[in-house]
Protein chains: 2
Amino acid sequence: MDAETTPRRRLSRAEAKARTRKLLLEAAAQIFARKGFAGASVEEIAETAGFSIGALYSNFANKEELFLELYSAFNQDRIAAAAEVLAEYEKGTEDGVNAMGRILVDADTDSDFALLLGEFWLYAARNPRVYDTMAARLREPRAALERLTGNALAELKAPPEATPQAVAAVIAALFDGLLRQRRLNPGLVSADLFGHAVRWLFAGIDATGARTPVKTARRSKKAN
Amino acid sequence: MDAETTPRRRLSRAEAKARTRKLLLEAAAQIFARKGFAGASVEEIAETAGFSIGALYSNFANKEELFLELYSAFNQDRIAAAAEVLAEYEKGTEDGVNAMGRILVDADTDSDFALLLGEFWLYAARNPRVYDTMAARLREPRAALERLTGNALAELKAPPEATPQAVAAVIAALFDGLLRQRRLNPGLVSADLFGHAVRWLFAGIDATGARTPVKTARRSKKAN
DNA sequence: GTCTATATCAAGATAGAC
DNA sequence: GTCTATCTTGATATAGAC
């Protein structure tokens, strides 16, 4: 959260503005999560941050830009989390499944996370104008996940349909779907169900591949 | 009222009202899906249905009631679909996985389905006032799914953590998560990935259970 | 750079005509 | 039972003061 605020020295103009911007983004996260894009008012966001409407419009062109900037910041965090997991995994420090499990728990702890995720998804699905911009932000964390699954698949007998992309999609779906169910009804989704599911998944892929060991047979022109 | 039966052409008062109601609900599904609850206007819904605002308010108390009635109708369809799958499965006519796969494809064909699902989820998560009502509507289809997974699990060696409830949650998560990814980027999620994922899941559960065949061993005091 | 005041508009809901 | 007209509110965005 907030780290270095030098209470002694006066903040420079640029520092003050950056601080205002940060506070506005934090307030926006809270209000957009609770009310949604259309339901949230810029006035409430500004007041929650401790500023006026004017301050908000001096930092963001309009409501949509604020929302999209929040989306960028939101994804920066996801990228950081994914990178951390990937690093731990590649160092061999931690099992990949455990690391992914920690991401889910972290996301679950932040009660706004699932709400914001849902709101961003709807916004992207409804607004083709900004869809490309938003989709581009997802490529980096998704690539990290595919790398992780690719590594895991290399260690077992996977059938040809179990590509890193396909398995990454399945894991992302599990993450998303379990997080959402847990948000509404924690009793239905225990904290370690995600971990179990991922292990079942890989065990099943391995078992399926072992049953059809033709997998390295054919290689027409290019692997994909 | 005047129960005049005119089987020829003219609709009775009640029939006309029922027809208006149905058209309004269909329009509401479209507009709520495209704009969301807060973003949709009752005027646009009424006009899309071919009526005026007054007609809408004569059929529904307010915007929220219209939304919740739509949710009920939406779930009636889901219950019907689930029941159909369950019936086919229990008759032995169709493999359970194939049947579930068909549900996903059907949902994917209706471009409004995922949007509405997302909107309903957000509304339930944000409005504790109506959460119980909405959650109650989910119990029936969820129970059907648990019954389906319970039957499937009975035919293989499942570890103790693979309860019908837990596995049903995983399958629901796969359904939800894959549907949402496919909605934004169909290239990432092939039409049969859901089927593959479910098969991998059950194969993995079976393999895991076979590896730890102590499953009926110990029962200290209370199952959890 | 932020605040106050305000122009402008769209939306939910109601009342009374037909 | 549905329509037209209207009341009322609350929101985005801007302009000018400090």
Salt bridge present between B:Glu26 and B:Lys22 (N-O < 4.0 angstrom):
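A salt bridge is present here (some side-chain N lies under 4.0 Å from a carboxylate O).
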
Between the side chains of B:Asp192 and B:Arg199, is the shortest nitrogen-to-carboxylate-oxygen separation below 4.0 Å, so that they form an ion pair?
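Looking at B:Asp192 together with B:Arg199, the answer is no, because their closest N to O distance does not fall below 4.0 Å.
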
Do B:Leu56 and B:Glu43 have side chains that approach each other closer than 4.5 Å (heavy atoms only, starting at C-beta)?
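Contact flag for B:Leu56/B:Glu43 side chains = no.
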
Compare all side-chain heavy atoms of B:Arg21 with those of B:Leu24 and state whether any distance is below 4.5 angstrom.
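Side chain of B:Arg21 against side chain of B:Leu24, heavy atoms only: no contact under 4.5 Å found.
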
With sequence neighbours excluded, residues passing side chain to side chain contact (heavy atoms under 4.5 Å, CB included) with A:Asp108:
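Residues passing side chain to side chain contact (heavy atoms under 4.5 Å, CB included) with A:Asp108: A:Leu179, A:Arg182.
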
Expected output is a numbered-order residue list: members of residues 20-43 of chain B with a heavy atom under 4.0 Å from any atom of DNA chain C. What is it?
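Residues of residues 20-43 of chain B that come under 4.0 Å of DNA chain C are, in numerical order, B:Ala40, B:Ser41, B:Val42.
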
Rounded interatomic separation in angstrom, taking CD from B:Glu47 and C1' from D:dT4:
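For the pair B:Glu47 CD and D:dT4 C1', the rounded distance is 13 Å.
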
Given atom OH of A:Tyr57 and atom P of D:dA15, what is their separation to the nearest angstrom?
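A:Tyr57 atom OH is separated from D:dA15 atom P by 13 Å.
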
Have a look at A:Phe51 and say if it touches a base, only the backbone sugar-phosphate, or nothing, with a 4.0 Å heavy-atom cut-off.
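Sugar-phosphate only.
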
Under 3.5 Å, sequence neighbours excluded: what are the donor-acceptor pairs made by side chains of residues 28-38 of chain B?
unit_1: B:Gln30; atom_1: OE1; unit_2: B:Arg34; atom_2: NH2; d: 2.9
unit_1: B:Lys35; atom_1: NZ; unit_2: B:Glu44; atom_2: OE1; d: 2.8
unit_1: B:Lys35; atom_1: NZ; unit_2: B:Glu44; atom_2: OE2; d: 3.3

For DNA chain C, which nucleotides open and close the run of contacts to chain A, 5' to 3', at under 4.0 angstrom from a non-hydrogen atom?
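Result: C:dG1 to C:dT4.
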
Review item, side-chain donor-acceptor pairs of residues 127-136 of chain A, under 3.5 Å, at least two apart:
unit_1: A:Arg129; atom_1: NH2; unit_2: A:Glu64; atom_2: OE1; d: 2.6
unit_1: A:Arg129; atom_1: NH2; unit_2: A:Glu64; atom_2: OE2; d: 2.8
unit_1: A:Tyr131; atom_1: OH; unit_2: B:Leu184; atom_2: O; d: 2.6

Can you work out whether B:Asn59 or A:Gly54 has the more 5'-proximal nearest nucleotide on DNA chain D?
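With B:Asn59 and A:Gly54 compared, the 5'-side residue is B:Asn59.
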
For B:Glu146, which residues count as a side chain to side chain donor-acceptor pair (under 3.5 Å) partner, sequence neighbours excluded?
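Residues passing side chain to side chain donor-acceptor pair (under 3.5 Å) with B:Glu146: none at all.
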
